[in-house]
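Structure record follows, encoded as structure tokens.
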Amino acid sequence: MSALLGRIGDFAFRRRGLVVSIWAILLIAVVGGAALAGGRLDDRFTVPGAESQRALDTLSETAPDAAGANAQLVFTAPAGHLITEAPYRTAIQHTLEVAGTAPGAIGVTTPQQAGAVSQDQRTAIGVVHFDGDRSKVTSAARDAVERSGETAREAGLDVSVGGSAYGAGEMKPGVTEILGLGAAVLVLLITFGSLVAAGMPILSAVFGIAVTVGGLSALSAAVPVSSTALTLALMLGLAVGIDYALFILSRHRSQLAAGLTPRESARRANETAGSAVVFAGTTVIIALAALSVIGIPFLTVMGLAASGAVLIAVAVALTLLPALAGFAGARLTPRAGSRAHRRATATGADSMGARWARLVTARPLVTVVAVAGALILLALPAASLRMALPDNGSAAAATGQRQAYDTIAEKFGPGFNGPLVVVVDAPNGDTRAAATVADTVRGLPDVTYVAPPQPTQRAGQSLVMVVPASAPESQQTTDLVHAIRDRAGAVPGADVAVTGDTAVTIDVSQRLSASLVPFLGIVVGLSLVLLVLVFRSIAVPVKAALTFLLSVAAALGTTVAVFQWGWAADLFGVSKVGPVVSFLPIILVGVLFGLAMDYQVFLVSGIREQWLHRRDAGASIIEGTRHNARVVTAAATIMVAVFASFVPTDDAMIKPIAFALAVGVLVDAFAVRLTLVPAVLALLGRRAWWLPRRLDRVLPTLNIEGPQEDSEPEPQRELATV
């Protein structure tokens, strides 16, 4: 593979104009396709095969108003007044009539019809029903509903608009993302000491994410693409795009400083660092694409979109970057006598990486105990992990949907924000079965209100609306859903199913919880197999898998402490403390696995190379770390900066994911790869590189660092360029 990558790098360097033109045409094509296709993002959560999803699909035909999205208009009278006063009743009626004309609206439920007037008679809720789920509700429809409240506001009422037609927040790129890019530029400037060299990884990464975002936007016209999937692809594509370019360009500049010609250096950088980039990118792609086996379309789209972003980042690093290097030519060579040149040509062990390696391996047992103990301490909160999908209660405090959610919880109880829909089918058409189910549910704990059964368009089918006493994301509500399924499902002569947004959320969370351990097993097993092939060792892969689990646990524990326990929640702009986003642990495992393998390969492959030359375990660790610590440090710092720049967003799904990934990379790169790994290797000594001879003979050779060439640079020679 390394020879092929070398030929690709050489071709891109020679035919740089053609390569850049191809990428430019591709970018224009995907952006133009996105503009012409007119696609729309689709944030639906579906759980194929789950009871709640089957019932919801049935209701879309038999009771569209119950199955579709809704907008809630929450009216509150001024202090000292009642919502039932004549001027307010008239204003509410007019508001709901106007709201009912919004595009896609199929009906309106007044506060009197829904029994949604608070006990103090100051607050009432009107509901606008839409045809289809939230993905079918246009922004024009939401704007129309919000504008309809002007009449009520003029009458003196406070009006807030929420409901399932509105999300828990959305990603709006702003100044923090620009600051993240600025931090990346600063790190690259420090690393390379050259504005031209620092700009190339940024340029190639931005180009790659432009192609990714354009492609996903175009695809959204044909397949469902969620806003969360698009943002995750943007975040991950930018981070790995900069990192992969950094790895290859760093090798290229070191070789230029050692005397290679620009063309030969571009070829050899693709062979060596490019091979490692392909390996690292492939592991990320496999881990993310594996999310599709869980069987939740929303998660499948996220995994495939992020995989596509990584694939494009790898392709850009291997083709567009050598082409840009061709245009830069010898200008990328570190200036003689500069700090960058001294670092690139240094042969001693007095670099910061070497000093750090000597420090952590001087007393390796102390280092291992201290670092592992600290990571275990960070991981402890993960034991209390609870998962749910964010709702309007997770939106920013200033948004209308959050204000509506909080007002409803205060005036009607927290369960009113997440009513359950019990679907009762009586095959023999006996409607008494629905009444029996309703009576059974009323006798269950944690139930505030059970509405009388309402018939649907299907003969023998009725709906029973249940308002829990607890909040939608609480464990008590989850227990209530299971109790209804167990108790009401045993009523003779009736087929009972529990659905609604809250029930769907519970089913999604449970399926993800059940999938986490098998998915983690697949990822860890994959890492063991790949690393045995790469490092020809048993101890190194086992150590890598165990330390990866430590990184994941520490990142997850820190996320639970902030987003579930509320530690430093204000510092990170967490608008509501509660369960962690259901798919965060699986996304964290998939993404962090690939990135951890990335740093593992770049660091430990250098140590292994020194071991093969020296057969001195201690010296190999110090020398191998000296060669690669600076690049790994720069790459991880950039990755943390990019992920951290997404934390301030109001998107309740992206915020904790970005936080967990930033913490995970920080922990894995600095605490694990650069500290714990050298200490463990020092403890193991020669045993770290032991592999049974019989196994060594049957295993294929996988050399991700490319061909081992003579350390002396080839003499300068003129290479023809086209």
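Source: prediction; values computed, not measured.
With sequence neighbours left out, Ser384 forms a side-chain hydrogen bond (donor to acceptor under 3.5 Å, both in side chains) with Trp565. For Thr110, the side-chain hydrogen bond (donor to acceptor under 3.5 Å, both in side chains) partners are Gln113, not counting sequence neighbours. For Glu473, the side-chain hydrogen bond (donor to acceptor under 3.5 Å, both in side chains) partners at least two apart in sequence or on another chain are Lys576. Residues passing the side-chain hydrogen bond (donor to acceptor under 3.5 Å, both in side chains) test with Gln403, sequence neighbours excluded: none. For the side chain to side chain contact (heavy atoms under 4.5 Å, CB included) test, residues two or more places apart in sequence or in another chain that qualify with Leu512 are Ile294, Ile296, Leu299, Val508, Ser582, Phe583, Ile586.
Annotation: salt bridge (Lys or Arg N to Asp or Glu O under 4.0 Å) contacts involving residues 448-470, sequence neighbours excluded, comprise Asp425-Arg458. Sorted by first then second residue, the side chain to side chain donor-acceptor pair (under 3.5 Å) pairs that include residues 215-226, not counting sequence neighbours, number zero. For residues 85-96, the set of pairs meeting the salt bridge (Lys or Arg N to Asp or Glu O under 4.0 Å) definition, not counting sequence neighbours, is empty. Residue pairs meeting the salt bridge (Lys or Arg N to Asp or Glu O under 4.0 Å) criterion with at least one member in residues 562-571, sequence neighbours excluded, do not occur. Applying the salt bridge (Lys or Arg N to Asp or Glu O under 4.0 Å) rule to pairs touching residues 221-231 yields nothing, sequence neighbours excluded. Applying the side chain to side chain donor-acceptor pair (under 3.5 Å) definition to pairs two or more places apart or across chains, those involving residues 95-104 are Gln93-Glu97.
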Please list, one pair per line, the donor and acceptor atoms closer than 3.5 Å that link side chains of residues 301-308 to other protein atoms, with sequence neighbours excluded.
{"from": "Ser307", "atom 1": "OG", "to": "Ile285", "atom 2": "O", "distance (Å)": "3.3"}
{"from": "Ser307", "atom 1": "OG", "to": "Ala289", "atom 2": "N", "distance (Å)": "3.3"}
{"from": "Ser307", "atom 1": "OG", "to": "Gly303", "atom 2": "O", "distance (Å)": "2.8"}

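Between Asp650 and Lys655, the closest side-chain pair of non-hydrogen atoms is not below 4.5 Å.
Using modelled atom types, one finds a donor on one side chain and an acceptor on the other under 3.5 Å when comparing Gln461 with Thr456.
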